[in-house]
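Beneath this line is the structure, given in structure tokens, with notes to follow.
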Amino acid sequence: MHGTLSPLSSRKGDGARGGAFCPAIAAHGMLGEFGLMGAPGQPAGHTRHMHVTREHLVGISGDLTALTAPEARDLLVRRQISATELAHAVLGQIERTESQVRSFITVTADEALAQARAADVALGGSDPGATPPLTGIPVALKDLFCTTGVQTTAGSRILEGFIPPYDATVVARLRAAGAVFVGKANMDEFAMGSSTENSGYHPTHNPWDVSRVPGGSSGGSAAAVSAGQAILSLGTDTGGSIRQPASLCSVTGLKPTYGRVSRYGVVAFASSLDQVGPFSIGVEGSAMVLQAIAGADPMDATTAPFAVPDYRSTIRDGVKGLRIGVPAEYFTAGMEPDVERLVREAIQTLTSLGATVHPVSLPYSEHGLATYYIIAPAEASSNLSRYNGIKYGLAALDEVDMTRAMDATRQRGFGNEPKRRIMLGTYALSSGYYDAYYRKAQQVRTLIKADFDNAFASVDVIAAPVSPTVAFKMGARIDDPLAMYLSDVCTIPVNVAGLPGISVPCGFDHQGLPVGLQLIGKAFDEATLFRAAFAYEEATSFHRQRPPLAEQAGSEGSVNQAAMGAGKAGGPQRAPHA
Amino acid sequence: MNLTPEDVDHVATLARLGITAEDRSRFAEQLSDVLEHFRALQALDTTGISPTAQVFNLHSVMRDDVARPSLPREQVLANAPRQEDGFFRVQAVLET
């Protein structure tokens, strides 16, 4: 059924992210001898279902950084590659591309290689298939997950040098699942932003066009996976901070249901909205990560006591009969025409696969942005009160008075956006304004959630754009907070309602810049999102296309990319920055 | 909604956030813009609508009251800007 119904199905996209296997150690994981072996000949979707064999390598670069997580798992378990090779491959890719992309605040190469060696020992045992599911797979962590012994900054200078004495629950769970941690990814300071330009360290660049932003706040996590600097990554999404950068960087990103994943050890921004989720190439990798991190945690009382289903067991069940709601309100006036066209084409593809489309109405979503920008800063102003120069982080030790020391610490340590939000939140919570702002916003939150409840009485998922625009130029919105906030107009209501949402690549605009399709699910129904998103990507090939920058890293890959591109319409045939 | 520079000073004091003269005028302008944009909320009729603080109505989640090991003191203090005799050291809070 692969792609036979879709107008996009003639694309032979698999090669760009195709599987690879490595019978012998190759420096940095590049398999040069396989890179020039001819034209791609595989039907779309072929390699993903089966063991990758040598034949599948025809036309495939052999670059291990192009592997999806399930492919890497398969090759590791069958000992076609080693975890050490894979770690060298992604670390090599970081070395080659990081000066252009700048995804990381900290790269933990030594730790990664040590973890990879341990993974190889486990995989070398009598039953490698019984090893934990992420054994040896390189993962980048947004720099707000506490990692024992590794600096965790939340993108802020106020936490520079902070070395957590414990792991966040999600980090501990990924560790237990065998993951190899390659580094701490860059982010907007305290996850406040939509471009990763608000990082207190440096901006991250979009691998598809380094003059543009990768989105944010999890921009480093998205860019790292897009550029092949990690196979998987972890981010957080408070108002769109996973889905929007996933869309802008053409990777899969999932924001789980509020309460699905523990927030223990995650630097807090807005506690009633924050949720941890994965980035991957291909939907299945995100399912693997969610499987590893989801579930109740005694250390986070807001985690839900519901059982976690086996996501991969239903991911291939298809979308026949799936009812997709399309809310007119999400195709807004400010939306770029290419974005609207590609999202509508994606919905059409899903219907061609057997889903049915139904108009739904989410009238209160237009108030999502205002609701969010009262609730989130209010919670942030409280959460960020802990950065006062006493227990950790920057301290104005030159001040002799406690109050003045706190004022100075926070003035020096916070960047503009956290300051703006602390001010906004403090104002909204202050005496005389609480009812007008905070209580009002919480009431509207009830109405926004009720809209979704109504819609989900008659549909299984809701399809919408992720971002109204493609990646914008760096600097374009940095001095205009409102313009920046509007980046998240289609994602914010989902956080306000606590629902799960996924972004999957659905094409490229006329400039070759990526666009994402957002699928929104019922609470705790990530399984249906994975199923629908997987069916979509099986019928298309956008997720298999890599930014030229990732391919340029190896000349073989570049040749392959060029061969693949021939005769293809609509794809990014050139590096916009080349 | 217009925030004056004096409002900004007041809020900054509540937030324990030192600000410069330049911050004061810039924040007054930017925060006024943001609040103005969000005024539409005030016009919504929310009579009888209960506020939502948390979406899934988990109430009073309890755990067993069992002691468990906590981090050793030296690890807790390891990130402290200043410490003394196993305590966090801070500047004087009250004037002498």
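So you know, we letter chains A, B, ... as the sequences are listed, proteins then strands, and number each from 1.
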* First locate atom OG1 of Thr46(B), then atom CD of Gln442(A), and finally report the distance between them rounded to the nearest 0.5 Å. => 11.5 Å

* Select one option (side chain, backbone, both, neither) describing which atoms of Thr303(A) are under 4.5 Å from chain B's heavy atoms. => backbone

* **Heavy-atom pairs under 4.5 Å with chain A, option from Arg26(B), Gln83(B), Arg89(B), Arg63(B) with the top count** => Arg26(B)

* Can you tell which part of Leu499(A) gets under 4.5 Å to a heavy atom of chain B, answering side chain, backbone, both or neither? => neither

* To do: Taking the side chain as every heavy atom from C-beta outward, state whether Leu35(B) and Tyr427(A) have any atom pair closer than 4.5 Å.
  => yes

* Are any side-chain N or O atoms of Gln443(A) and backbone N or O atoms of Ile49(B), one a donor and one an acceptor, separated by less than 3.5 Å? -> yes

* Structure fact -> The interface call for Ala12(B) against chain A, heavy-atom contacts under 4.5 Å, is both

* In Å, rounded to the nearest 0.5 Å, how long is the span from CG of Leu424(A) to CG of Leu3(B)? -> 9.0 Å

* Is a side-chain N or O of Thr426(A) found less than 3.5 angstrom from the main chain of Ala15(B), in a donor-acceptor match? -> no

* To do: State whether the number of non-hydrogen atoms from other residues, nucleotides or ligands found under 6.0 Å of Phe88(B) atom CZ is greater than 12.
  => yes

* **Region of Thr409(A) that comes under 4.5 Å of a non-hydrogen atom in chain B** => neither

* Given the side-chain rings of Phe56(B) and Phe524(A), with only the six-membered ring counted for Trp, is the space between their centroids under 6.0 Å? -> yes

* Asked: Which pair of non-hydrogen atoms, one from Leu397(A) and one from Pro81(B), has the smallest distance, and what is that distance?
  -> CD2-CB, 4.3 Å

* Residues, nucleotides or ligands: over 12 heavy atoms within 6.0 Å of Asp479(A) CG -> no

* To do: Any chance you could measure Ser431(A), atom OG, to Leu14(B), atom CG, to the nearest 0.5 Å?
  => 9.5 Å

* Heavy-atom side-chain proximity of Val76(B) to Pro165(A) below 4.5 angstrom -> no

* Asked: Does any N or O in the side chain of Gln91(B) come within less than 3.5 Å of the main-chain N or O of Glu399(A), such that one atom is a donor and the other an acceptor?
  -> yes

* **When Gly18(B), Pro72(B), Ser50(B) are compared by non-hydrogen pairs under 4.5 Å with chain A, the top option** => Gly18(B)

* Asked: Taking every heavy-atom pair that is under 4.5 Å apart, which of Val8(B), Leu77(B), Leu44(B) has the most such pairs with chain A?
  -> Leu44(B)

* Beyond-backbone contact of Leu17(B) with Asp407(A), side-chain heavy atoms, under 4.5 angstrom -> no

* To do: Any salt bridge (charged side-chain N to carboxylate O under 4.0 Å, His left out) involving residues 294-306 of chain A? Give me the pairs, sequence neighbours left out, ordered by first then second residue.
  => Arg263(A)-Asp300(A)

* To do: Assess whether atom CD of Glu29(B) is packed by more than 12 heavy atoms of other residues, nucleotides or ligands within 6.0 Å.
  => no

* Check whether Thr13(B) gets within reach of chain A through its side chain, its backbone, both or neither, counting any heavy atom under 4.5 Å. => neither

* To do: May I ask you to test the Pro51(B)-Arg439(A) pair for a side-chain heavy-atom distance under 4.5 Å?
  => yes

* So do the side chains of Tyr258(A) and Gln54(B) get within less than 4.5 Å of each other, counting heavy atoms only? -> yes

* To do: Could you look at Ala396(A) and say if it's the side chain, the backbone, both or neither that has a heavy atom under 4.5 Å from chain B?
  => backbone

* Is Gln30(B) reaching over with its side chain to a backbone N or O of Arg420(A), donor-acceptor style, under 3.5 angstrom? -> no

* Is it the case that more than 12 heavy atoms not belonging to Tyr485(A) sit under 6.0 Å from its OH atom? -> yes

* Structure fact -> If one checks every heavy atom of Thr302(A) against chain B at 4.5 Å, the contacting part turns out to be both

* Look at the side chain of Arg82(B) and the backbone N and O of Ala395(A), then say whether any donor-acceptor pair between them is shorter than 3.5 Å. => no

* **Residues in residues 411-418 of chain A that sit under 4.5 Å from chain B, counting heavy atoms only** => Gln411(A), Phe414(A), Asn416(A)

* **Heavy-atom donor-acceptor pair, Thr446(A) side chain to Thr52(B) backbone, under 3.5 Å** => yes

* To do: Considering only heavy atoms and a distance below 4.5 Å, find which of Glu366(A), Arg404(A), Arg410(A) pairs most often with chain B.
  => Arg410(A)

* Structure fact -> Ranked by heavy-atom pairs below 4.5 Å to chain B, first place among Ala436(A), Ala370(A), Ala441(A), Ser385(A) goes to Ala370(A)

* Test item: His367(A) and Phe38(B) side chains (from C-beta on) under 4.5 Å apart, heavy atoms -> no

* Counting N and O atoms only, with roles assigned by atom type, does the side chain of Lys419(A) sit under 3.5 Å from a partner on the main chain of Asp23(B), one being a donor and the other an acceptor? -> no

* Asked: Where is the tightest heavy-atom contact between Val55(B) and Lys449(A), given as atom of each residue plus distance?
  -> O-CE, 3.5 Å

* Asked: So what's closer than 4.5 Å to chain B heavy atoms on Asp435(A): side chain, backbone, both or neither?
  -> neither

* **Min side-chain heavy-atom separation Tyr437(A)-Leu41(B) under 4.5 Å** => no

* For the pair Asn79(B) (side chain) and Ile163(A) (backbone), establish whether a donor and an acceptor sit closer than 3.5 Å, ignoring hydrogens and angles. => yes

* NE2 of His37(B) to OH of Tyr373(A): how many Å apart, nearest 0.5 Å? -> 10.5 Å

* To do: Measure distances from Ala428(A) to the heavy atoms of chain B and classify the residue's part below 4.5 Å as side chain, backbone, both or neither.
  => neither

* Considering all heavy atoms, the nearest Leu482(A)-Val34(B) contact -> CG-CG2, 4.4 Å

